[in-house]
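As structure tokens, the structure follows; a few thoughts come after it.
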Protein chains: 2
Amino acid sequence: MKSIEIKDAALKYFTIHGYEGASLSQIAKDVGLKKQSIYAHFKGKDDLFLQVLRDAKEMDLSSTVQYFSSVDSKNPEKALYGYLQLVIDLFQKDEQLKFWLRMSFFPPAHLEKVIEREVTDIEEKERAILEGKFQEWINAKLIIGDAAITPTFAFLSVVDSVLVELVYGNDEEKLKAKLAAAWTVFWRGISHQ
Amino acid sequence: MKSIEIKDAALKYFTIHGYEGASLSQIAKDVGLKKQSIYAHFKGKDDLFLQVLRDAKEMDLSSTVQYFSSVDSKNPEKALYGYLQLVIDLFQKDEQLKFWLRMSFFPPAHLEKVIEREVTDIEEKERAILEGKFQEWINAKLIIGDAAITPTFAFLSVVDSVLVELVYGNDEEKLKAKLAAAWTVFWRGISHQ
DNA sequence: CTCTAATTAACGAACGTTCGTAAGTTATTA
DNA sequence: TAATAACTTACGAACGTTCGTTAATTAGAG
């Protein structure tokens, strides 16, 4: 399907150059078309962008949902560290997460409101999933604390820091070192000792 | 000085719209000039951009240097939490940090190499400052651990997560809650108990 | 008079978008 | 089955606009 090829190319250029820096002619050339032909598949640049955005959001959310629905709930250490690994894998094996990150951090100004809604939506859902897990672990005395919100936000902070390092993206060794340090301190901070 | 006014306006538009999305005509209009007049002060768009970039870098670095050279070295808890507050203040009171963050995360493609060098440079320097402090605190048994690199990277992760929340920027309450959680867990993770 | 800063004018190039058209494919009708 | 209608996909050409940049010219200050 040509629409999918177009979205793939668009994803690539939006990720590298941002909304304003990505041109329809470049995207079209990538799939062997003229830019006018894109209009046979999409209403315009905004429509193309928003479809790519929603695909990326869907992919991000479903990965998280699937991971935590299939992970071993009796082992928080493994479950949480495994999620960080998943994020790293996702980021490195396809562009959708990087695209999603770029656009949630720095959305094109005229689509800010739409994007913010999508970002809030996915954040809320992922936070809810994590908070549920942490509440289970607290109840089972597998980690310390009473309110699940504290370890949830703390873990989301670790996720954010991993994402930042991935976005910088130039130094695999540094990523490993920083993840190791953040994880060590985080785990000591929420576990019994 | 008109050059400074131009750089101020450029900072604003580069921050909001990115390099490609910011136009010289908008920047010029902001300071009551025609876009061609910018060329009396700068060689072109790249020159203007790079001067704004280096100003922002200088400001970021000097803030960190100054803070840690004047802070109470006997109280790591206060020193570190104070730095997080400083970052939040800096981010909210002028645009330079947000600009710097945007460009270090997602640089314009044709200036990627130059920017990466600046980013690596400032990161290295700030890491060195922190690592020195942490080594002192470890030696004084104010925090746990042997190698200073672990708490240093862990703290930098907390900083990153704060920056991420600032970039999202839509929810002051959420920033406070997330900072509180990340800080609680981080401090528990590096302190004696 | 000189120098700098700002202007007007103009440049080629690229942008997103629209139009009319020509194929190729699918669906409908006779 | 054959003919026709409708729809999809792609293209050339052109639209008006904006982009960054250069050149020549004017206004103002020391």
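Note on naming: letters A, B, ... go to the chains in the order of the sequence lines (proteins, then strands), and numbering restarts at 1 for each one.
Rounding to whole angstrom units, NZ of residue B:Lys2 and P of D:dG28 are separated by 14 Å. Atom-to-atom, NE2 of A:His110 to P of C:dG16 comes out at 11 Å; the value is rounded to the nearest Å. Regarding B:Met1, its CE atom lies at a distance of 12 Å from the P atom of C:dT4, rounded to whole Å. Between the C1' atom of D:dA10 and the CG atom of A:Leu33 lies a distance of 7 Å, rounded to the nearest Å. Protein atom NZ of A:Lys29 is 9 Å distant from nucleotide atom P of C:dC15, rounded to whole Å. Rounded to whole Å, atom P of D:dC11 lies 10 Å from atom CD1 of A:Ile6.
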Problem - Annotated protein contacts, base or backbone, on nucleotides 18-27 of chain D with a non-hydrogen cut-off under 4.0 Å, one of B, S, - each - result: -BBBB-----

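The side chain of A:His41 contributes an N or O atom lying less than 4.0 Å from OP1 or OP2 of D:dA10. Using a 4.0 Å cut-off, some side-chain N or O of B:Ser37 falls inside it from OP1 or OP2 of C:dT7.
Atom CG of B:Leu11 is separated from atom CZ of B:Phe49 by 10.5 Å, given to the nearest 0.5 angstrom. Distance CG/A:Asp146 to CG/A:Asn139: 11.0 Å, rounded to 0.5 Å.
Under 4.0 Å is where a charged nitrogen must lie from a carboxylate oxygen, and between B:Lys125 and B:Asp121 at least one such pair does.
Within the structure, every pair that satisfies the side-chain hydrogen bond (donor to acceptor under 3.5 Å, both in side chains) test and touches residues 66-82 of chain A, not counting sequence neighbours, is listed here: A:Ser73-A:Lys133.
Looking only at atom types and distance, the side chain of A:Thr64 has a donor-acceptor partner in the side chain of A:Glu126 under 3.5 Å away.
In this structure, A:Phe106 has its ring center no closer than 6.0 Å to that of A:Tyr19.
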